[in-house]
4 protein chains.
Amino acid sequence: MPKLTQNRVERRRRQLLDAAAACFSSKGIHGATVPDISQRAQVSVGTLYRHFGSKERLIIAIAERICRQDALIVERLLAVARPFDQRGALDSIVLERLEDFVSAKEARLRIELWAEAPLHPALRAVLRQGLENIIDKVEEALRAENGQNGTTATDARKVIGLVQGAILYRALGVS
Amino acid sequence: MPKLTQNRVERRRRQLLDAAAACFSSKGIHGATVPDISQRAQVSVGTLYRHFGSKERLIIAIAERICRQDALIVERLLAVARPFDQRGALDSIVLERLEDFVSAKEARLRIELWAEAPLHPALRAVLRQGLENIIDKVEEALRAENGQNGTTATDARKVIGLVQGAILYRALGVS
Amino acid sequence: MPKLTQNRVERRRRQLLDAAAACFSSKGIHGATVPDISQRAQVSVGTLYRHFGSKERLIIAIAERICRQDALIVERLLAVARPFDQRGALDSIVLERLEDFVSAKEARLRIELWAEAPLHPALRAVLRQGLENIIDKVEEALRAENGQNGTTATDARKVIGLVQGAILYRALGVS
Amino acid sequence: MPKLTQNRVERRRRQLLDAAAACFSSKGIHGATVPDISQRAQVSVGTLYRHFGSKERLIIAIAERICRQDALIVERLLAVARPFDQRGALDSIVLERLEDFVSAKEARLRIELWAEAPLHPALRAVLRQGLENIIDKVEEALRAENGQNGTTATDARKVIGLVQGAILYRALGVS
DNA sequence: CATGAATGAGTGTTCATTCAT
DNA sequence: GATGAATGAACACTCATTCAT
């Protein structure tokens, strides 16, 4: 079956990425073996390697996808929270509604990636970029709502810090 | 040679914990091998096993120590921040001063533990306990400062979420 | 499209043999993968398998070609060396002129085949046959030149041993 | 059983080297797996790695040992051949008596190393050095016997080339 | 008590070969 | 006939743990 169509390639990659995300979040990045992942994706290890080349590149591909998803999640959170009628309103929304947007498994996966990042420069670059991206998004939203007065870059970082804290709570199972 | 004095045992444990913390934060929990740690502690692997029994128990001991340290850090942060003269003052202090209390290496180690926790119930219990402990501390402080009016458990979780976000920023190297 | 002409088949085989010889001598028989070879021959792996059936049969085909080439090389060496005006003249010619006939890459390839031979009876048979063939050629030439007096089978083997030694020197880069 | 004595280390290394030499010559360097070797040496793979660090380093250690053995073999051959009463006498001795000094298995192992050398600079360096060493030995012997007249470096290389040819004959099973 | 050599199950990765298209 | 994606057994190597000394 030579000459895989663009379409089939996309499907295979998604299959593999889904399987990897599931395995990484249930067993951890180190606990999930390559055979675990390929089996879950109903594919041979050789096929996994044809598409991603190494476990590390698979991890990076997961991180890129996560970053894209996070951008969407933040947009939806901001939409839900608007108008930010008073200081702190956005903060509360984050704490109260985040779990509608990020499941415990997804929370777990993000923490895995954060832990892995310091050891892998390429991964760190991806995650940092993703983080800066959503910080920008929040900052922009804050400025649009509040006008120029009083909104600083720090406010946006506060909000995202809150999101991260909430993710951690989910992963640790803090009520 | 008489039985090891209580004192010597303590010193050995501290040596090993220091070495483990250093190795875990520089190479990651999975990247740091038991020989790495024992070598750094100037001790044989056998001795490490005599004192901690397994790598996992060593990790848990590290987590317990981290939790104790975090309680102190939070107390110091609160002391610095008081009086919380206006809403959000504590938040700003956290973002601006945290790095005086938690080095990048220490930040890194915490993330490692968070990532490991979901796989190891005993570790998770320790970290959850530690987290609830500092949340309580913050809540108490907020209540003491602000009186009963308007202070909720959520406010404390917000502050801690902020701390965690800041830790992550440090580990990812976001400016 | 009609059946492949005899001609086209020959060209394909030659293409593949050239590619295989190049890959084997630069990466070693074990280091050269089937995709390496087919890519170098500008052909798909499937096509390689259609023509040779297995990597082992490809190796044997290479060996057969090498044996044919070696017969020619020996003939040319003998032609250059004649008349063998004195004992040892042929030896000297071999040592001094061999590199005009066998490049370093070709030397390398022969050694690869020698190393592989003991594991593969079919390959060993081919190489042994080729070796006996050139020994005969040399013996014949010696007899023709020197008359019956003093020429033994051992003399021929000496000469070929010299050739092999020279091949090895080339491969090891001994000046 | 800490602090292996020098003696035990030597024994272990010899055990492993013997096993590796046996496996390499019977299955080829590529066909012999690390478990094959460690099993033959009655040792775990971990122990093999403790002593040699990698399969490649084990191969190099084998090569070093072979070079030492070859120096001895050449000395013995020269002793047997002396006095070199006439031109070519040494050559004949090499062809006729080599098999008393180098078994077929040992011949096979040398060819494996020669084939491997071009891919591994460190190995090549060892073998080249060993080769130059025995060339020097032969040259010296020739000079001592024949006086200064007529003996050239080329003569020594001729003799060694002969040895190598004879080794190849043994490995290919040429009568 | 301390040591560190030994263990071997388990890891990420490769590659000759097949066969659906 | 040609293709190259898919396969999975096999490989070199690691490392938490044990235990003879």
Side-chain angles (χ1 to χ4, degrees), chain A residues 1-5 8-9 12 30-39 42-58, chain B residues 1-4 8-9 12 30-39 42-59, chain C residues 1-4 8-9 12 30-39 42-59, chain D residues 1-5 8-9 12 30-39 42-58:
Chain A
M1 84 224 8
K3 282 280 174 269
L4 225 50
T5 64
R8 258 177 81 76
V9 169
R12 270 268 193 272
H30 293 278
T33 68
V34 171
D36 281 344
I37 297 164
S38 58
Q39 200 163 14
Q42 313 249 50
V43 147
S44 70
V45 290
T47 296
L48 185 155
Y49 275 88
R50 166 165 285 277
H51 285 272
F52 289 98
S54 73
K55 191 182 180 185
E56 187 176 350
R57 287 226 275 275
L58 180 57
Chain B
M1 193 187 292
K3 245 210 311 199
L4 237 50
R8 258 178 77 77
V9 168
R12 271 285 163 77
H30 293 278
T33 69
V34 171
D36 280 344
I37 297 164
S38 58
Q39 196 167 13
Q42 313 251 48
V43 149
S44 70
V45 290
T47 298
L48 184 154
Y49 273 86
R50 173 155 295 283
H51 283 273
F52 290 97
S54 72
K55 192 180 180 185
E56 186 176 350
R57 288 226 277 275
L58 178 58
I59 294 168
Chain C
M1 193 186 290
K3 247 210 309 200
L4 236 49
R8 257 177 81 76
V9 168
R12 270 284 163 77
H30 293 277
T33 69
V34 171
D36 280 344
I37 297 164
S38 57
Q39 197 167 16
Q42 314 250 48
V43 148
S44 70
V45 289
T47 297
L48 185 155
Y49 272 87
R50 174 155 293 282
H51 283 273
F52 290 97
S54 72
K55 192 181 180 185
E56 186 177 349
R57 287 225 278 275
L58 179 57
I59 294 168
Chain D
M1 87 227 0
K3 282 281 174 269
L4 225 50
T5 63
R8 258 178 80 77
V9 168
R12 270 265 193 275
H30 293 277
T33 70
V34 171
D36 280 344
I37 297 164
S38 58
Q39 199 164 13
Q42 312 250 50
V43 147
S44 69
V45 291
T47 296
L48 184 156
Y49 276 91
R50 166 166 287 276
H51 285 272
F52 290 97
S54 71
K55 191 182 179 183
E56 187 176 349
R57 287 225 276 273
L58 180 57

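Lettering of chains follows the sequences in order, A, B, ..., and the numbering in each one begins at 1. All figures in this text were calculated on a predicted structure; none of them were measured in a lab.
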*Respond yes when some side-chain nitrogen or oxygen of A:His51 is under 4.0 Å from OP1 or OP2 of F:dA5, and no when none is.*
no

Could you list all N or O pairs between the protein and nucleotides 13-15 of chain F that sit under 3.5 Å apart?
{"unit_1": "F:dC13", "atom_1": "OP2", "unit_2": "D:Tyr49", "atom_2": "OH", "d": "2.8"}
{"unit_1": "F:dC13", "atom_1": "OP2", "unit_2": "D:Lys55", "atom_2": "N", "d": "2.8"}
{"unit_1": "F:dC13", "atom_1": "O5'", "unit_2": "D:Tyr49", "atom_2": "OH", "d": "3.3"}

*Would you kindly compare B:Ser44 and A:Ala32 by the position of their nearest DNA chain E nucleotide and give the one closer to the 5′ end?*
B:Ser44

*Any salt bridge (charged side-chain N to carboxylate O under 4.0 Å, His left out) pairs touching residues 30-39 of chain B, not counting sequence neighbours?*
B:Lys27-B:Asp36

*Got a sec, which residues hit side-chain hydrogen bond (donor to acceptor under 3.5 Å, both in side chains) with A:Ser44, two or more places apart in sequence or on another chain?*
A:Thr47

*Helical stems, DNA chain F - three or more consecutive Watson-Crick or G-U wobble pairs below 3.5 Å*: E:2-21 with F:2-21

*Would you kindly give the CG-to-P distance between C:Leu48 and E:dC15, to the nearest whole Å?*
15 Å

_Tell me the interatomic distance from C:Asp36, atom CG, to F:dG4, atom C1', rounded to whole angstroms._
15 Å

_C:Val34: partners by side chain to side chain contact (heavy atoms under 4.5 Å, CB included), with sequence neighbours left out_ = C:Val45, C:Leu48, C:Tyr49, C:Lys55

*asked:* Let me spell it out: for each of C:Gln42 and A:Thr47, pick the nucleotide of DNA chain F with the closest heavy atom. Which residue's pick is nearer the 5' end?
replied: C:Gln42

*Can you check whether A:Arg12 has a side-chain N or O nearer than 4.0 Å to OP1 or OP2 of F:dA6?*
yes

*Partners of B:Glu56 by side-chain hydrogen bond (donor to acceptor under 3.5 Å, both in side chains), sequence neighbours excluded?*
B:His120

*Nearest to the side chain of D:Arg50, which nucleotide is it out of F:dT3, E:dC1, E:dA6?*
E:dA6

*Residues in side-chain hydrogen bond (donor to acceptor under 3.5 Å, both in side chains) with C:Ser54, at least two apart?*
none

_Between CZ on residue B:Arg12 and CZ on residue B:Arg50, distance to nearest 0.5 Å_ = 11.0 Å

*Within this structure, what is the CD1-to-C1' distance between D:Ile37 and F:dA12, rounded to whole angstrom?*
11 Å

*Apply side-chain hydrogen bond (donor to acceptor under 3.5 Å, both in side chains) to A:His51 and list each qualifying residue two or more places apart in sequence or on a separate chain.*
none

